[in-house]
Each structure stands twice: as C-alpha cells, then as structure tokens.
Amino acid sequence: MTATLPTYDVDTVRADFPILSRQVNGHPLVYLDSAATSQKPRQVLDALRAHYEGCNANVSRSVHTLGTEATEAFEGARAKVAAFIGAARPEEVVFTKNSTEAINLVAHAFSERAIDPRFRLGPGDEIVISEMEHHSNILPWQLLCERTGATLRWFGLTDDGRLDESNLDELVNERTRLVSLVHVSNILGTANDVGPIVARARQVGALVMLDGSQSVPHLPVDVAALGVDFLAFTGHKMCGPTGIGGLWGRYELLQAMPPFLGGGSMIETVTMQRSTYAQPPMKFEAGTPPIAEAVGLGAAVDYLSGIGMDAIHRHEKELAGYALDALASVPDLRVIGPRTAEGRGGTISFALGDIHPHDVGQILDTEGVQVRVGHHCARPVCVRFGVPATTRASFYLYTTTDEVDALVRGLEKVRKVFG
Amino acid sequence: MTKVDDLYQEIILDHYKHPHGRGLREPYLAEAHHVNPTCGDEVTLRVNLADDTITDVSYEGMGCSISQASASVLHEIMVGLPVIEALARHDAFATLMAGRGEVEPDEEVLGDAVAFAGVARYPARVKCALLSWMAFKDALARAAEESIVEGSAS
C-alpha cells in the first residue's frame, strides 16, 4: 500500500508571513532571496513579542519568577532545536550567534597544545574543506592553519557543480584531522551526499564537521543518521530571528574541547589565579545569550515541524525542477550548478549572457523581484566557473511557481534593456 | 520617467555598450588596481602626465554597466586636464555620488558624468560608480609623485 502524500498548500503557508503581502516598486513582492535570510512567520514574531511582554529576564542567574520562566523558555528552545536535528540530548546544542561563530568555535578548539589528541594540530597535519564552501567555512580554517602550521586542502568541483570525490582516498588520509564540508551549497544549490566522506574520515580517524546553514532550514537533517561530529546552522535562514544560531557536537567531543569565549556563565569556579569551566553547552556560552532570539528560534522550529520538513523539502524540489525548466527557456542563460532537480536544493545561480549580475538584480528589483547578486561569499566558486559574480534565486516553503514566472518575465526585461 | 530609467540613463548605457578609451596603454606614470569586495568588480587604471597635464587615462576592468560606464566617462572628462582641475572635478563627482540624489550636478564641470546623478539615489550602486574614480585618484596621486621625482632628477 502506498501512502498518499498530503497536498502542500502554499497559500496557507504564505498567509503566515506578513511581509509577503507588501508591494515593492509598485509590484507584489517576489522574495527569491531566502538563502540570504528567510522571512519570518507571525508565529515567530508573536513568540518574540510574548517573551518580551510576558517573561523577559536574564537566564540562569536569578531565583525570581521571571528569571525562572525565561530560563525555562531558553532551555526549552534548546530542547526543541536538539530534537529538530536529531541530537541525542539538548546539551549537545550550543547556542551561537550564527553558523560563522559555530565554525569559528570549533576551529579554535584546535591547537598545537590541545590536551585531547583529536584537537591537536600542527605542521604536517591537514584540514580538508571544498571549493564550494561559503567564506565562513574557508576563513576560520585558513586562519587556523596560519596559527598552527597545518595544511589546508580541498575537494575540487566537477563542471556541473558537484563535489569531485575522485581523489577522496588521497585527499582524506592519515594526516587529516578534520573534514569540514558544506551540506548544501549556498551558491550552486548542490546537496552533498556526505556518506562516503564520513566513512573515509572514520577510516583515518578524522573528525567531520558539516555546515548546515542551507540544509537545516530546507530538509530533514538528522545528525545521528549523518554520522558527523559537528553541525553548524543559523536561525535566521530557518524562519527564526537574526543573532541566534547553533553548533551541535557529540557531547564527549564538546567536553574534550577547550572553552571559546571567556566570561560570565561559562565558569564553574573562578579565582584570581585560575578558573574551571562549566560543562557544555554552558562552557561555550559566555555572557548573556540571545534569549528572546533563542525563544524565537524555538518557535521557528515548532512552525517548520508543524508543516513537516519532508513536505517543505518536496515543495522546494518541485520548485527547483519547475524553475530549471523555466530558466532553460531564457536565451543566453547559463545555470551555474546542477541542472537537474536531483541532489540539489532550491537555490539556483545563473549567468545571463554578458550582462553583469548587478544590472540583472537592479532591473528585477524594479519588478518587485528580490534576488541576490554578487559572489555570495563563495568567490572560489565564481573563479572556478569563470564568472565575476552570479545572479541567484533561492526558494523556500512560501515560494510559488507564479514567483518563478515573475523572475523569468523580469529576465526578459533585463535582456531588453541590456541586449 | 520611471525609476529605473533614472538609474540607467541613455548616456550611461551608451558608454557601457561603446566605452571610450578602454584598454591599458603605454606610456604611463602610475597604475592602480581597485576591487569592490562585495561584488568582485575590478578595475586597473593607468594615468600619464606631462607638464602637470593628464595626457592619458587608460583602463581595463570587469563589472556592471554603472562601473564600466563611469570609467568611460572618467576617461572622457579627465584626458587633457591640468591636474588641479582634474582633482576639482573628481571632488565634484564624489560630492554628487555622496548626495543621495540631493545634489544638483553642474554639467559644465561634470559633462556626461551628470547622468550618474540618479545613481546617487541607489546607495548599493554608488560604489560601482566610484570604483574607477577612486582608482584614478589613487593613480593620479602616485603619478604626480613620480613626475616630481622625474622633474627633480632632470
């Protein structure tokens, strides 16, 4: 017996997002920049307001009622996020301000003098990333290699924008300490199958970190099933507020890591000579955290779970297929990245003849169509594909095929102005 | 006139499609390479001087229509000008670009560059228009130093 899939009602979803009813330059807003940041449903906005109006207080400090309620809301959000990504326990989720901070936190655990050998890094050791990383998964490792004398290596890309794993066994070897890889590319849309890489990393004893900035918001992500050691993600791309993100790590690894930022809340005991540290996740959460933002992220997770990550993923896959077909009808348009809906997300980069993406984006804006133009903090990808920049349309749970049509119409106008 | 026509004036599109003075040339006294890190646009620009007069501005680059057209206009305005006059016109253009559309440009001073008045209303695009102009200022300063060194040596 085959189960019938529930129909996805995008209009009902859209009704939850107040901003989607606004006009831009005299046209209905067509928001195709969710890879940069997602819009926020009323449920998240209400949660933020309710927190500030109802139980605002600092967390983990006071015995008073408000403090207790705020702490419960904050830790409740941690539990929701942990369940959302399949973490074994809430304490495996460290709140950060974004993915960038989460990746930097892990990078700073490595040093030549690390107590745990898994985090000891020096000349001769290697870190492996890929050519399709966001700058936030390049720079922390370049800086780490500069500090320690370790070597940074990377997977190349195939011509259709997939990870080139042909040299996997040579690239990930007994010198490799960590592989840090993007799950879904923010510029190519490529979804990486991390299975073979995780398996190889296990063979050689390397740790694996996944940048889930573009996967956690869009598809079911289960850290246990993925078999990785760390996952970075950010709240504002998954219907949550800005200023809140997370690092998931296997608990015993988090315990083995040194603290990151020093300050209040991350300590066990402090003397003027030395201090001891709290257990994870507190060890990594110095200072007053983004409390309301965490509560907002918890509401976002509830919202996404209510719709269902499988349903959202299916919707975006259909949209990607529809958009790839529609874009193929635009003369001189070249998709940078996978040209089929398989193994990719709903983020599509393209070049339109020789017309510069800034000009493409500007004309589309006059039609109310909001796309991102530039190198998308993934300049090596642009260099790899011989373009200075790309135009990128990115979809989410509220995107419609009508909006894809508006994009295609806008591109015709671009060709008229610059043709 | 719609908003986008305001930005993409016919003069700008003409300069973009048919750039003036494009290509790097010899001789030159100084060269500057500027990059817009947010979009990856680049320009390499050379300045040559003789007796405190700009004898050539040559350039090569890649970028959007605004950045390419502004390099073309820059070439057209600056070649043949005394250095002090070139700096005054550079200031006038920088003021126009910083004006958020509130500054009335003087066509006597800025020539075709008045067409960029509309760009000043788009803060995200001001850097595109200024890219070659900032490279020019940089190269001009270095060229002036070079010519002083050469002058004192002779």
Side-chain angles (χ1 to χ4, degrees), chain A residues 23-27 33 36 134-136 138-139 186-187 332 336 349 351-392 409-419, chain B residues 1-19 22 33-44 59-73 97 101 115-135:
Chain A
Q23 303 265 309
V24 170
N25 295 322
H27 297 270
D33 198 16
H134 188 280
H135 294 166
S136 60
I138 299 175
L139 273 293
N186 77 307
I187 177 167
D332 303 326
I336 313 284
S349 268
L352 186 61
D354 292 332
I355 306 171
H356 194 279
H358 264 183
D359 294 322
V360 175
Q362 196 80 59
I363 300 291
L364 290 177
D365 178 60
T366 65
E367 304 291 303
V369 180
Q370 316 286 291
V371 295
R372 171 88 192 270
V373 297
H375 53 47
H376 316 289
C377 297
R379 192 174 171 277
V381 172
C382 292
V383 173
R384 166 67 177 78
F385 290 97
V387 290
T390 77
T391 303
R392 180 187 74 183
R409 280 197 306 277
L411 292 173
E412 289 303 330
K413 184 174 175 193
V414 173
R415 295 184 70 247
K416 243 177 241 158
V417 174
F418 292 99
Chain B
M1 188 182 273
T2 64
K3 277 175 81 180
V4 74
D5 292 335
D6 196 25
L7 177 66
Y8 292 117
Q9 299 241 340
E10 208 51 52
I11 297 173
I12 293 180
L13 291 176
D14 276 351
H15 275 279
Y16 171 55
K17 290 170 186 171
H18 311 287
R22 192 183 172 92
H33 176 74
H34 278 216
V35 176
N36 182 346
T38 57
C39 60
D41 286 3
E42 294 184 23
V43 68
T44 304
Y59 62 94
E60 196 58 75
M62 55 179 190
C64 64
S65 59
I66 304 293
S67 73
Q68 298 304 293
S70 86
S72 171
V73 168
M97 286 298 102
F116 289 85
V119 177
R121 274 191 280 277
Y122 293 82
R125 305 304 297 278
V126 166
K127 269 193 286 189
C128 310
L130 284 175
L131 182 65
S132 59
W133 289 67
M134 289 306 169

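Quick note on labels: first sequence line is chain A, next is B, and so on, each numbered from 1.
At distances below 3.5 Å, at least one donor-acceptor pair connects side-chain atoms of B/Ser70 with backbone N or O atoms of B/Ala129.
Between A/Arg415 and A/Glu412 there is a salt bridge, since at least one side-chain N of the basic residue sits less than 4.0 Å from a carboxylate O of the acidic one.
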Exercise. So A/His135 and A/His375, side-chain contact (heavy atoms from CB on, under 4.5 Å) or not? Walk me through it.
Worked result: CA-CA 10 Å; A/His135 294 166; A/His375 53 47; 4.1 Å; yes
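Judged as a salt bridge (charged side-chain N to carboxylate O under 4.0 Å, His left out), and not counting sequence neighbours, A/Asp365 has no contacts. Listed by chain and residue number, B/Glu60, B/Gln68 satisfy the side-chain hydrogen bond (donor to acceptor under 3.5 Å, both in side chains) test with B/Arg22 (two or more places apart in sequence, or in another chain). Every residue meeting the side-chain hydrogen bond (donor to acceptor under 3.5 Å, both in side chains) condition with A/Thr390, not counting sequence neighbours, appears here in chain and number order: A/Ser349, A/His376.
Within residues 10-19 of chain B, the residues having any heavy atom closer than 4.5 Å to a heavy atom of chain A are B/Leu13, B/Tyr16, B/Lys17, listed by residue number.
With a 4.5 angstrom heavy-atom cutoff, A/Val417 touches chain B via backbone and side-chain atoms both.
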